[in-house]
Q: 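The structure follows.
Throughout, protein chains are lettered first and strands after them, A, B, ... in sequence-line order, and every chain is numbered starting at 1.
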Protein chains: 2
Amino acid sequence: MAINDTKTAILDSAQDLIQRLGANAMSYDHISKSVGIRKASIHYHFPTKENLLESLLERYNENFLKIVDDLFSSSDPEDKKLLKYMGLFEATLQDGDHDKACLCGMLGAELFTLGPAAADRVRYFYNENEKRLTSLLDNGKKKGNFKFKGNSKKLAALIFSFLEGALLLVRAEGGVKKFQSVKEQMMDLVKS
Amino acid sequence: MAINDTKTAILDSAQDLIQRLGANAMSYDHISKSVGIRKASIHYHFPTKENLLESLLERYNENFLKIVDDLFSSSDPEDKKLLKYMGLFEATLQDGDHDKACLCGMLGAELFTLGPAAADRVRYFYNENEKRLTSLLDNGKKKGNFKFKGNSKKLAALIFSFLEGALLLVRAEGGVKKFQSVKEQMMDLVKS
DNA sequence: TAAAACTATTCTACTAATTGGTAGATAAGA
DNA sequence: TCTTATCTACCAATTAGTAGAATAGTTTTA
């Protein structure tokens with residue numbers, strides 16, 4: 001297997017485990033079994049667990065923010081963009097064997113058990129998302145695509161908190177269907 | 001130490017650890033050191049970890065829902081009640097050594113690593129909170145204390161997801177102050 | 001009342017499994 | 001041949017959980 005294929009397979013497996021069970025329930029042994037490679041080989045590519053988490057977060061953040069940037073720079077009206085943005089979280093839920101939460105949502109719960117570099121990358125993900133949401137709301141409000149009381153920055157933080165929370169909670173009951181229904185409700189709130 | 005004092009001290013310590021670090025980062029050894037009692041003695045009171053989690057969730061749910069019921073049955077107007085309800089989550093954040101999330105928010109992230117009985121109690125907490133919020137929103141809307149598009153049940157689920165999410169996320173950055181600001185923003189949303 | 005019996009609680013000392021991580025041999029590619 | 005990648009085989013720490021001895025605290029009984 002080409003080196004990047006192995007590295008990718010390891011990261012994929014780790015991400016899957018964390019999104020479903022959390023970082024503290026994920027182990028090199030689990031990854032080893034799922035990838036079909038020995039534990040020591042994983043240590044060759046990612047010497048420590050903290051190291052693996054950092055690489056994983058770097059990849060995740062880059063991918064996700066790239067998608068958001070593409071989406072937000074399209075010609076859709078702002079309300080449509082928000083709906084699609086929330087759809088990204090919905091897609092996570094349906095990905096693979098289902099019931100995956102956002103990687104950074106899971107790691108947010110376990111934040112104080114992470115090393116400082118990984119924790120910083122989680123914070124970065126939150127900040128970058130809220131930044132992009134803030135300007136989306138701002139633009140949309142100016143053009144009349146949104147109508148809401150309060151200010152865009154606070155609303156952005158509210159929406160992002162809501163999305164991360166909903167992604168975690170609907171796994172307990174309701175699943176994708178419930179996520180869709182609260183998503184629609186959120187659209188109602190920002191248009192009145 | 002009287003038996004209930006010991007049991008209470010164990011549950012207190014376990015709750016503190018889970019609210020800060022998560023259930024999978026909490027161990028009998030940690031509790032042992034924090035309570036000042038041997039590990040085997042904890043097993044005497046709570047034979048298995050799953051057992052301990054069940055007892056802890058039973059206590060937590062009962063306490064929290066009792067407070068909510070008292071709050072919601074007061075004579076305050078509904079919008080005031082919602083503000084106070086959100087204040088309960090804010091108080092969690094400031095409790096003890098700070099940075100505690102909701103117990104069931106933390107366990108929601110780790111839901112698929114829990115035993116079925118503990119997982120059921122987490123679901124119960126979610127359902128009971130959403131139930132109470134739904135009727136609060138319903139009543140408040142009828143009396144004109146709230147003004148929002150959409151339906152009360154969906155909005156209740158949205159608000160609850162938001163609160164659980166915010167409680168997790170502000171621990172990364174912003175803390176209590178940020179929680180207060182998104183709380184105020186939420187009040188704005190349900191009154192327009 | 002005092003001793004004996006019983007029960008409840010905590011202790012020391014262990015086990016087996018799992019954890020992250022390492023050393024060094026072996027194989028595969030360039 | 002030299003580098004890259006994977007392997008076997010280990011280590012020390014931590015995990016949940018157990019066995020059984022040692023205390024406390026109560027009750028019962030002589």
Side-chain angles (χ1 to χ4, degrees), chain A residues 1-18 20-57 106-107 109-119 121, chain B residues 1-18 20-57 106-107 109-119 121:
Chain A
M1 183 146 46
I3 177 166
N4 283 336
D5 290 359
T6 306
K7 276 195 149 146
T8 299
I10 293 169
L11 290 176
D12 287 349
S13 169
Q15 183 173 332
D16 186 277
L17 284 163
I18 297 174
R20 222 183 301 285
L21 309 174
N24 291 321
M26 176 272 280
S27 76
Y28 272 47
D29 212 54
H30 290 132
I31 299 172
S32 159
K33 270 151 191 155
S34 122
V35 175
I37 188 183
R38 292 285 140 157
K39 202 162 61 88
S41 304
I42 306 174
H43 279 285
Y44 172 76
H45 294 285
F46 305 99
T48 67
K49 196 176 175 179
E50 167 71 7
N51 201 294
L52 171 61
L53 282 175
E54 287 165 33
S55 300
L56 180 56
L57 280 163
M106 292 297 282
L107 294 178
E110 296 173 306
L111 194 76
F112 301 138
T113 72
L114 303 178
R121 284 176 163 86
Chain B
M1 185 147 43
I3 177 165
N4 283 336
D5 289 0
T6 306
K7 276 195 149 145
T8 298
I10 294 169
L11 290 176
D12 288 349
S13 169
Q15 183 174 332
D16 186 277
L17 285 162
I18 297 175
R20 223 182 301 283
L21 309 174
N24 290 321
M26 176 272 280
S27 76
Y28 272 46
D29 213 53
H30 290 132
I31 299 172
S32 160
K33 269 150 193 156
S34 122
V35 175
I37 189 182
R38 293 283 140 157
K39 202 163 59 88
S41 303
I42 305 173
H43 279 284
Y44 171 76
H45 292 286
F46 304 99
T48 69
K49 196 175 175 178
E50 167 72 6
N51 201 295
L52 170 62
L53 282 175
E54 287 165 32
S55 299
L56 181 56
L57 281 163
M106 292 297 283
L107 294 178
E110 296 173 306
L111 194 76
F112 302 137
T113 73
L114 303 178
R121 283 176 163 86

Q: Can you tell me the distance, in whole Å, between the CG atom of A:Leu17 and the P atom of C:dT18?
A: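 Computing the A:Leu17:CG to C:dT18:P distance gives 15 Å.
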
Q: At less than 4.0 Å, is any side-chain N or O atom of A:His45 found next to OP1 or OP2 of D:dT6? Yes or no.
A: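 So the side-chain polar atoms of A:His45 do come within 4.0 Å of the phosphate oxygens OP1 or OP2 of D:dT6, strictly under.
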
Q: A:His30 has an atom NE2; how far is it from atom C1' of C:dA17, in whole Å?
A: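 So the two atoms are 12 Å apart, to the nearest Å.
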
Q: With respect to the phosphate group of D:dT15, does any side-chain polar atom (N or O) of B:Ser27 fall under 4.0 Å of OP1 or OP2?
A: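 Checking B:Ser27 against D:dT15: at least one side-chain N or O falls below 4.0 Å of OP1 or OP2.
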
Q: From C-beta outward on B:Tyr44, which listed nucleotide comes closest to its side chain: D:dT6, C:dT9, C:dT19?
A: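 The listed nucleotide nearest to B:Tyr44's side chain is C:dT9.
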
Q: Looking at NE2 of B:His45 and CD1 of B:Ile37, how far apart are the two atoms once the value is rounded to the nearest 0.5 Å?
A: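 CD1 of B:Ile37 is found 5.0 Å from NE2 of B:His45.
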
Q: Whole angstroms only, please: what is the CG-P distance between A:Leu53 and C:dG21?
A: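 In whole Å, C:dG21 P and A:Leu53 CG are 10 Å from each other.
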
Q: To the nearest angstrom, how far is B:Asp29 atom CG from C:dT19 atom P?
A: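 Taking CG of B:Asp29 and P of C:dT19, I get 17 Å after rounding.
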
Q: Rounding to a whole Å, what distance do you find between B:Lys49:NZ and C:dA17:C1'?
A: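 About 14 Å, once rounded to whole Å.
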
Q: Which residues pass the salt bridge (charged side-chain N to carboxylate O under 4.0 Å, His left out) test with A:Lys39, not counting sequence neighbours?
A: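 Partners of A:Lys39 by the salt bridge (charged side-chain N to carboxylate O under 4.0 Å, His left out) criterion come out as none, since no residue qualifies.
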
Q: Check every strand shown and say whether B:Ser41 touches a base, only sugar-phosphate, or nothing at a heavy-atom separation below 4.0 Å.
A: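 Counting heavy atoms under 4.0 Å across all strands, the contact made by B:Ser41 includes a base.
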
Q: By side-chain contact (heavy atoms from CB on, under 4.5 Å), which residues pair with B:Thr48, not counting sequence neighbours?
A: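 With neighbours one apart ignored, the set is B:Glu50, B:Asn51.
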
Q: Taking atom C1' of C:dT9 as reference, at what distance in whole Å does atom NZ of B:Lys7 sit?
A: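 Taking atom C1' of C:dT9 as the reference, NZ of B:Lys7 is at 11 Å.
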
Q: Residues two or more places apart in sequence or in another chain: which of them pass side chain to side chain donor-acceptor pair (under 3.5 Å) with B:Thr113?
A: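 B:Thr113: side chain to side chain donor-acceptor pair (under 3.5 Å) contacts with B:Asn24.
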
Q: Rounded to whole angstroms, how far apart are CG on A:Asn4 and C1' on D:dT4?
A: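 So the CG-C1' distance, A:Asn4 to D:dT4, works out to 13 Å.
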
Q: Passes side-chain contact (heavy atoms from CB on, under 4.5 Å), B:Val35 versus B:Ile42? Steps please.
A: CA-CA 10 Å; B:Val35 175; B:Ile42 305 173; over 6 Å; no

Q: What pairs with A:Phe46 under ring pair (Phe, Tyr, Trp, His ring centres under 6.0 Å), at least two apart in sequence or on another chain?
A: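 For A:Phe46 there are no ring pair (Phe, Tyr, Trp, His ring centres under 6.0 Å) partners, ignoring immediate neighbours.
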
Q: Which residues satisfy the side chain to side chain donor-acceptor pair (under 3.5 Å) test with B:Asp29, sequence neighbours excluded?
A: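 Applying side chain to side chain donor-acceptor pair (under 3.5 Å) to B:Asp29 gives B:Lys33.
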
Q: Do the side-chain N or O atoms of A:Thr6 get closer than 4.0 angstrom to the phosphate oxygens (OP1, OP2) of D:dT6?
A: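 Indeed, a polar side-chain atom of A:Thr6 lies that close.
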
Q: I need the CZ-P distance between A:Arg38 and C:dG21, as an integer number of Å.
A: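 In whole Å, C:dG21 P lies 19 Å from A:Arg38 CZ.
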
Q: Find every protein N or O atom lying less than 3.5 Å from an N or O atom of nucleotides 22-26 of chain C, and list the pairs.
A:
none

